[in-house]
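Everything below concerns the one structure shown next.
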Amino acid sequence: MGTICAICTSAVRGVQKQPCETAWLEPDWGIRGDAHAGHWHRQVSLLPAEEIQAFNQKGAGVQPGAFGENLVVEGIGLRSLPVGTLLRCGGALLEITQIGKECHSHCAIYHKMGDCIMPREGVFARVLEGGPIAVGDAVAVEPRTAPFPFRAAVITLSDRCAAGERADRSGPAVAERLEKAGFAVVEQLLLADERDPLEQALCRLCDQRQLDLILTTGGTGFAPRDITPEATRAVADRDAPGIAEAIRAASLRITPRAMLSRAASVIRGKTLIVNLPGSPKACMESMDVFLDQLPHALELLRGTPQDCGR
């Protein structure tokens with residue numbers, strides 16, 4: 001059980017938010033009148049009061065809203081709660097969607113202190129049930145009444161598609177197949193064949209959004225700019241070679257060129273990352289190989305007890 005210590009809003013982005021005593025949370029939007037509200041996954045931002053206090057002990061002298069946070073909460077250990085946690089805040093219900101954030105440009109606090117706690121301590125949520133909130137309201141974790149769906153992202157790697165010279169057909173086909181299988185596809189990205197942006201995207205999706213599955217398509221062959229396997233292995237905590245090996249084995253029965261695939265399958269944190277070929281047809285053939293086995297694998301990664309015996 002925690003407590004709301006401060007509520008902060010701003011009418012425009014990029015400025016310090018101002019404290020207020022009460023606010024109204026709109027479903028699938030955020031705080032009424034706040035610039036960061038909208039139909040996206042970071043509708044409400046939260047910071048632990050304890051972290052702000054510790055930061056101020058270093059001489060920061062910041063007030064509520066200085067980091068752009070909406071809610072300052074004490075007593076609940078926000079940073080330790082996984083994505084998908086439900087939080088009852090006053091008369092509203094939030095679902096945590098992201099832990100931490102990327103810092104694209106250093107703020108005034110960083111320039112003053114050489115540090116900023118928002119990128120590592122900030123927690124973001126979307127509003128499931130709207131209602132009033134006020135300073136002093138309780139914040140409590142609410143049990144789920146239904147299983148948390150598997151969440152996935154699809155990343156297409158293609159110089160031509162990223163440049164707008166060709167339509168991406170593989171990424172949407174993979175996403176549609178996942179949705180039909182019951183997955184919630186929360187992000188679809190289209191990137192050029194560049195290693196650094198892919199590594200950054202994989203790390204963000206695994207660490208901050210804590211997804212169950214990431215499927216990439218393209219960039220797995222012999223061409224000089226085919227860097228998907230290298231980027232995938234670079235971010236891995238553990239190898240999961242059986243999936244890539246099974247795809248190659250099955251694909252060899254369709255075309256001998258399958259032996260030229262360098263695709264990888266790995267684990268980062270609790271996220272499974274699998275490289276798929278670049279063509280829509282080959283993507284579907286590859287997904288035929290492993291899609292039925294994913295629920296068991298992903299439950300294991302979540303830590304759900306499973307009986308692996310047959």
Side-chain angles (χ1 to χ4, degrees), residues 38-42 97-98 102 104 149-236 243-244 246-248 250-251 254-255 257-258 260-266 268 271-292 294 298:
H39 296 299
W40 66 321
H41 69 284
R42 284 165 45 186
T97 57
Q98 182 170 310
E102 296 172 288
H104 297 290
F150 292 126
R151 295 164 307 120
V154 179
I155 304 177
T156 299
L157 281 303
S158 170
D159 286 334
R160 292 183 62 190
C161 291
E165 299 172 0
R166 183 177 65 191
D168 173 23
R169 295 170 51 229
S170 297
V174 171
E176 181 180 6
R177 179 83 178 270
L178 285 173
E179 289 172 344
K180 288 181 178 178
F183 285 77
V185 179
V186 301
E187 287 198 32
Q188 295 184 58
L189 304 178
L190 175 57
L191 303 177
D193 290 299
E194 299 285 351
R195 180 166 172 172
D196 286 348
L198 176 55
E199 289 184 17
Q200 292 168 12
L202 292 173
C203 290
R204 176 182 65 82
L205 294 169
C206 293
D207 302 346
Q208 296 176 9
R209 301 219 63 184
Q210 298 181 357
L211 301 185
D212 298 286
L213 175 70
I214 301 173
L215 298 183
T216 71
T217 169
T220 60
F222 280 19
R225 288 182 61 77
D226 287 341
I227 47 75
T228 303
E230 285 70 32
T232 300
R233 293 190 180 96
V235 304
I243 298 174
I247 293 172
R248 274 187 283 271
S251 299
I254 301 171
T255 172
R257 290 190 176 179
L260 304 182
S261 169
R262 302 185 306 107
S265 46
V266 306
R268 179 181 175 92
T271 305
L272 175 64
I273 307 171
V274 180
N275 300 155
L276 301 180
S279 78
K281 178 176 181 294
C283 284
M284 296 302 102
E285 292 168 348
S286 298
M287 294 179 75
D288 288 341
V289 176
F290 66 86
L291 191 58
D292 290 345
L294 283 183
L298 300 182

Report yes if some heavy atom in the side chain of [X] is under 4.5 Å from a heavy atom in the side chain of [Y]; otherwise report no.
X: Leu291; Y: Arg177; result: yes
X: Arg151; Y: Val185; result: no
X: Pro277; Y: Ser286; result: yes
X: Thr228; Y: Ile155; result: no
X: Leu272; Y: Leu294; result: yes

List the atom of [X], the atom of [Y], and the distance in Å for their closest heavy-atom pair.
X: Cys206; Y: Arg268; result: CB-CD, 3.7 Å
X: Ser279; Y: Ser170; result: C-OG, 3.4 Å
X: Ala244; Y: Ala263; result: CB-O, 3.5 Å
X: Pro229; Y: Gly219; result: CD-O, 3.2 Å
X: Ala153; Y: Leu211; result: CB-CD1, 3.4 Å
X: Arg248; Y: Ser261; result: NH1-O, 3.3 Å

Spatial distance of atom [atom1] ([X]) from atom [atom2] ([Y]) [nearest 0.5 Å]:
X: Leu191; Y: Asp168; atom1: CG; atom2: CG; result: 10.5 Å
X: Leu205; Y: Thr271; atom1: CG; atom2: OG1; result: 8.5 Å
X: Arg169; Y: Ser158; atom1: CZ; atom2: OG; result: 12.0 Å
X: Cys283; Y: Leu215; atom1: SG; atom2: CG; result: 8.5 Å
X: Leu157; Y: Asp226; atom1: CG; atom2: CG; result: 9.0 Å
X: Glu230; Y: Arg262; atom1: CD; atom2: CZ; result: 4.0 Å

Inset, instruction - Mind checking side chain to side chain contact (heavy atoms under 4.5 Å, CB included) for Glu194 and listing every partner two or more places apart, or none if nothing turns up? - result: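 Testing Glu194 for side chain to side chain contact (heavy atoms under 4.5 Å, CB included), a comparison that skips the adjacent residues, returns Ala192, Pro197, Arg225.
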Inset, instruction - Name all pairs fulfilling the side-chain hydrogen bond (donor to acceptor under 3.5 Å, both in side chains) condition that reach into residues 214-223, sequence neighbours left out, sorted by first residue then second. - result: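 side-chain hydrogen bond (donor to acceptor under 3.5 Å, both in side chains) check on residues 214-223 returns Thr216-Asn275.
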Legend entry - Qualifying residues under side chain to side chain donor-acceptor pair (under 3.5 Å), relative to Gln188, sequence neighbours excluded: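 For Gln188 there are no side chain to side chain donor-acceptor pair (under 3.5 Å) partners, ignoring immediate neighbours.
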Legend entry - All side chain to side chain donor-acceptor pair (under 3.5 Å) counterparts of Asp193, not counting sequence neighbours: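 For Asp193, no residue satisfies side chain to side chain donor-acceptor pair (under 3.5 Å) once neighbours in sequence are set aside.
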Which residues pass the salt bridge (Lys or Arg N to Asp or Glu O under 4.0 Å) test with [X], not counting sequence neighbours?
X: Arg42; answer: none
X: Glu179; answer: none
X: Arg257; answer: none
X: Arg233; answer: none

Inset, instruction - Could you list all the ring-ring contact (aromatic ring centres under 6.0 Å, His included) pairs where at least one residue sits in residues 192-228, not counting sequence neighbours? - result: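 Applying ring-ring contact (aromatic ring centres under 6.0 Å, His included) to every pair that reaches into residues 192-228, excluding sequence neighbours, yields nothing.
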Legend entry - Set of ring-ring contact (aromatic ring centres under 6.0 Å, His included) partners for Phe150, sequence neighbours left out: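 Expected list: Phe183.
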Legend entry - Pairs involving residues 212-222, ordered by first then second residue, that meet salt bridge (charged side-chain N to carboxylate O under 4.0 Å, His left out) (sequence neighbours left out):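 Salt bridge (charged side-chain N to carboxylate O under 4.0 Å, His left out) check on residues 212-222 returns Asp212-Arg302.
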Legend entry - Pairs meeting criterion salt bridge (charged side-chain N to carboxylate O under 4.0 Å, His left out) with involvement of residues 181-192, two or more places apart: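 As it turns out, the salt bridge (charged side-chain N to carboxylate O under 4.0 Å, His left out) pairs with a partner in residues 181-192, which skip direct neighbours, are Glu187-Arg204, Glu187-Arg209.
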Inset, instruction - Just do the side-chain contact (heavy atoms from CB on, under 4.5 Å) check on Thr97 and Val186 with the steps written out, would you? - result: CA-CA 10 Å; Thr97 57; Val186 301; over 6 Å; no
